[in-house]
Amino acid sequence: MPVVNATIAAVLDEIANLLDIQGANAFRVRAYRNAARTIGNLGTAVGTLLAHGKDLTDLPGIGDDLARKIATIARTGTCPQLERLRADMPAALSELLHVPGLGPKRVKTLWHDLGVDTVEALHQAAREGRVRSVHGFGEKTERRILEATHAHLKRERRFRLDVAEQFVTPLVEYLSGLDGLDRVEPAGSFRRRRDTVGDLDILATAEDGARAIRHLTQYGEVADVVSAGPTRGTVRLRGGLQVDLRVVPPASRGAAMQYFTGSRAHGVALRRLAQSKGLKLNEYGVFAGDRPVAGDTEESVYAALGLAWIPPELREDRGEIEAARTGRLPRLVTHEDLRGDLHVHTKASDGHDSVEAMAKAAAARGLDYIAITDHSQRLTIAGGLDPSRLAKQIDEIARLNERLRDITVLAGTEVDILEDGSLDLPRSLLERLDVVVASVHGHFDLSRARQTRRILRALEHPAVHVLGHPTCRLIDERDPCDLDMQRVIRAAAACGVALEVNASPKRLDLTDLHCRMAKAEGARVAIDSDAHDADDFDNLRFGIGQARRGWLEPADVLNACTLGELRERLKRR
DNA sequence: GCCGTTTTCGGCCCGACTGTTTTCAGTCG
């Protein structure tokens with residue numbers, strides 16, 4: 001059973017947490033955390049790297065010691081050091097660090113003085129008023145802990161990007177309504193277009209910060225004010241989303257935008273770079289000694305560090321700083337680059353609009369072509385099309401194209417990949433279609449080996465053009481299928497099949513990291529809406545976000561080419 | 001624990017806010 005990178009990262013994180021609570025050297029703790037992050041971001045399984053004789057010490061922040069430990073973890077899923085730590089202290093202490101307001105010092109104190117070693121035990125102690133008796137803890141802290149443990153036990157969740165967006169838009173509008181509060185803009189993971197956001201960071205420019213923060217606390221949706229100072233305020237909205245508003249003077253706007261957009265790892269790397277140049281970088285600007293040298297725009301901040309401006313989606317410390325230094329940043333794909341959409345449903349299966357309505361909606365959004373890809377017969381619950389209904393739809397589309405002016409409709413299907421990897425429609429019919437998207441809609445829990453074999457077989461089918469939502473994850477609802485994505489992506493590249501970035505904000509599948517893997521392997525990607533009604537074409541922006549996070553350029557995206565080029569590419573398959 | 005066109009030892013990103021202090025530690029982002 002291969003140990004996946006996420007597990008290795010989790011082990012390293014747990015070691016870091018337990019060392020931290022133990023009071024170990026903070027920089028040693030940081031070394032483990034950095035290593036966890038590096039491994040977690042890796043596109044290739046550590047086991048694979050080792051099998052190819054790669055030296056892990058070539059990775060940043062990993063020396064001889066960590067390389068040895070990581071190899072051990074990759075082999076066994078754990079390592080002696082972690083086992084020793086677990087023998088010395090309750091493993092659940094690590095979990096306590098995830099309770100907001102608790103850091104290593106407090107966790108250690110609570111454990112020593114109260115014997116608290118789980119979130120449940122801490123919640124109980126707070127409820128019984130025992131926490132306030134501990135030195136350094138007071139009534140307020142106890143109340144905070146009570147609330148925080150309660151929320152934690154209820155599992156504080158992250159918010160899907162589209163859900164966060166529903167909060168952002170009216171909030172930004174409300175804040176912008178205050179006189180003297182200018183340029184209210186979201187930063188943080190929302191601006192970086194992560195698939196989910198934990199909380200919302202909003203930046204604004206104002207002379208009177210305290211007044212702006214007060215304005216935030218008076219917002220009608222605020223359930224709870226967490227903190228409120230002169231430059232920064234934190235509130236929790238009804239529904240649980242936490243919002244941070246930071247207010248800066250205009251001269252610091254760019255530096256603050258850079259700072260609060262993150263990611264944390266990107267910021268740390270930038271500040272380190274600044275330091276190496278004898279400069280200091282903080283949210284107010286870039287400074288040589290006390291003298292400000294940049295800060296009013298993000299461009300000026302990056303330029304002061306010898307870097308090109310880096311698009312927010314890339315700011316994860318995954319090589320973008322080196323690329324910006326050497327002029328090798330990608331020209332990321334934009335919404336305007338998309339010429340078409342290759343995955344669209346109609347009311348013939350489980351969509352809500354006609355072929356013509358979908359075509360007109362797509363044309364209104366500037367697309368030149370769409371492929372109608374209704375479900376196939378096996379998906380009875382979605383009204384999947386059998387061969388005769390699909391044949392009729394092909395004719396209907398041909399007739400429609402004679403009337404349409406601004407857009408071309410391609411005939412297609414989203415054909416089911418059956419349990420054994422065969423397809424749900426006969427090859428003769430599939431070969432009549434312009435676009436064949438093949439997707440999994442059942443048997444999600446096959447073993448990794450069987451699931452991978454199943455997908456590889458579908459990829460090898462000569463009629464298939466696109467692998468739809470490759471991992472089948474539903475954010476917050478269904479884990480991705482257990483798949484060897486490296487093999488799937490490599491096979492897609494070899495077969496000339498495009499991998500879909502399904503732009504539905506519930507899916508976002510491929511993920512950003514998989515997009516990056518696809519690019520590395522030379523596989524092409526199709527950014528598709530999977531629209532079920534006319535408004536769903538607007539979801540394409542979410543898919544674009546993931547593609548950009550995965551460093552994709554227009555040439556990497558199948559539906560960024562013209563209709564003529566697309567037809568050529570589909571034929572060559 | 002990592003790392004080196006200032007270094008193989010001595011550094012390692014930075015500031016805001018809170019609560020419990022009586023001048024600051026802890027936590028967070």
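Just so it is clear: chains get the letters A, B, ... in the order the sequence lines come, proteins before strands, and each one is counted from 1. Only this structure's heavy atoms are used, side chains among them; waters, hydrogens and symmetry mates stay out.
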Subject >> Rounded distance (Å) that lies between atom C1' of dC3(B) and atom CZ of R28(A) >> reply: 17 Å

Original post:
How does protein contact run along nucleotides 22-29 of chain B, one letter per nucleotide 5' to 3', with B for base contact, S for sugar-phosphate only, - for none, heavy atoms under 4.0 Å?
Top reply: ----SSSB

**OP:** For N25(A), report the nucleic acid contact type (base, sugar-phosphate, nothing); a contact means any heavy atom under 4.0 Å.
**Re:** base

Subject >> Whole-Å gap separating C1' (dC14(B)) and CG (L279(A)) >> reply: 15 Å

Original post:
Given atom CD1 of I73(A) and atom C1' of dG1(B), what is their separation to the nearest angstrom?
Top reply: 14 Å

Original post:
Are there more than 12 heavy atoms of other residues, nucleotides or ligands under 6.0 Å from atom CD of E83(A)?
Top reply: yes

**OP:** Could you please name the option among dC17(B), dG15(B), dG19(B) that lies closest to any side-chain atom of T231(A)?
**Re:** dC17(B)

Original post:
Is R33(A) paired with D20(A) through a side-chain N to carboxylate O contact shorter than 4.0 Å?
Top reply: yes

Original post:
Do NZ/NE/NH1/NH2 and the carboxylate oxygens of R253(A) and E185(A) come within less than 4.0 Å?
Top reply: yes

**OP:** Report the nucleotide, chosen from dG1(B), dC17(B), dT18(B), that has the shortest atom-to-atom distance to any side-chain atom of F27(A).
**Re:** dG1(B)

Original post:
Rounding to a whole Å, what distance do you find between R33(A):CZ and dC2(B):P?
Top reply: 16 Å

Original post:
Any salt bridge between D88(A) and R86(A), counting N to O under 4.0 Å?
Top reply: no

Original post:
Can you check side chain to side chain donor-acceptor pair (under 3.5 Å) on R183(A) and T205(A), steps first, answer last?
Top reply: CA-CA 6 Å; R183(A) 305 179 60 190; T205(A) 307; 5.1 Å; no

Original post:
Would you call R37(A) and D317(A) a salt bridge, using N to O less than 4.0 angstrom?
Top reply: yes

Original post:
Regarding R193(A) and the six-membered ring of F542(A), is the cationic atom NZ or CZ under 6.0 Å from the ring centre and inside 45° of its axis?
Top reply: no

Subject >> Pairwise P distance for dA16(B) and dT20(B), with rounding to whole Å >> reply: 22 Å

**OP:** Sticking with atom P, work out how far dT8(B) lies from dC3(B), rounded to a whole angstrom.
**Re:** 16 Å

**OP:** Say whether H514(A) and T511(A), considering side chains only, have a donor N or O and an acceptor N or O under 3.5 Å apart.
**Re:** yes

**OP:** May I ask you to say what K69(A) touches in the nucleic acid, namely base, sugar-phosphate or nothing, with a heavy-atom cut-off under 4.0 Å?
**Re:** sugar-phosphate

Original post:
How far, in whole Å, is dG29(B) from dT22(B) if one measures between their C1' atoms?
Top reply: 28 Å

Original post:
Looking for any heavy atom pair under 4.0 Å, which part of the strands does E139(A) touch: base, sugar-phosphate only, or nothing?
Top reply: sugar-phosphate

Original post:
Atom CD1 of I70(A) and atom P of dG1(B): how far apart are they, to the nearest Å?
Top reply: 12 Å

Original post:
In terms of side-chain geometry, is the basic nitrogen of D113(A) or K108(A) positioned less than 4.0 Å from the acidic oxygen of its partner?
Top reply: no

**OP:** Determine, for K506(A) against D195(A), whether the closest basic-nitrogen to carboxylate-oxygen distance falls under 4.0 angstrom.
**Re:** no

**OP:** Could you check which of dT20(B), dA16(B), dG1(B) has an atom nearest any side-chain atom of Y284(A)?
**Re:** dA16(B)

Subject >> Pairwise C1' distance for dT7(B) and dC12(B), with rounding to whole Å >> reply: 13 Å

**OP:** Go through N539(A) and S504(A) one step at a time and tell me if the side chain to side chain donor-acceptor pair (under 3.5 Å) criterion holds.
**Re:** CA-CA 6 Å; N539(A) 286 341; S504(A) 163; 5.1 Å; no

Original post:
To the nearest angstrom, how far is K280(A) atom NZ from dC12(B) atom C1'?
Top reply: 17 Å

Original post:
Roughly how many Å is it from CG in D64(A) to P in dC2(B), rounded to a whole number?
Top reply: 7 Å

Subject >> Stretch residues 299-324 of chain A: residues that reach within less than 4.0 Å of DNA chain B through a heavy atom >> reply: none

Original post:
C1' atom, dG26(B) versus dT21(B): distance in rounded Å?
Top reply: 12 Å

Subject >> Nearest-nucleotide 5' precedence on DNA chain B, V29(A) against S227(A) >> reply: V29(A)

Subject >> Verdict with supporting geometry, E283(A) and Q258(A), side chain to side chain donor-acceptor pair (under 3.5 Å) >> reply: CA-CA 8 Å; E283(A) 58 264 57; Q258(A) 192 290 309; over 6 Å; no

**OP:** Verify side chain to side chain donor-acceptor pair (under 3.5 Å) between R127(A) and Q124(A), making sure each step is shown before the conclusion.
**Re:** CA-CA 5 Å; R127(A) 217 164 47 191; Q124(A) 190 63 26; 3.2 Å; yes

Original post:
If you measure from the P atom in dC14(B) to the same atom in dC9(B), how many Å do you get, rounded?
Top reply: 25 Å

Original post:
What is the distance, rounded to the nearest whole Å, between atom CZ of R132(A) and atom P of dG19(B)?
Top reply: 15 Å

**OP:** Using the P atom on both, measure dC13(B) against dC17(B) and round to a whole Å.
**Re:** 23 Å

**OP:** With DNA chain B as reference, determine whether L281(A) or H135(A) sits nearer its 5' end, using the nearest nucleotide of each.
**Re:** L281(A)

Subject >> Contact state string [nucleotides 4-10 of chain B, B base, S sugar-phosphate only, - no protein heavy atom under 4.0 Å] >> reply: -------

Original post:
Is the closest basic N to carboxylate O distance between R315(A) and E298(A) below 4.0 Å?
Top reply: yes

**OP:** Using a 90° cut-off around 0 for syn, call dT22(B) syn or anti.
**Re:** anti

Subject >> For dG4(B), the Watson-Crick or wobble partner whose two distances fall under 3.5 Å >> reply: dC9(B)

Original post:
If you look at every strand shown and take non-hydrogen atoms under 4.0 Å, does A26(A) touch a base, only sugar-phosphate, or nothing?
Top reply: nothing

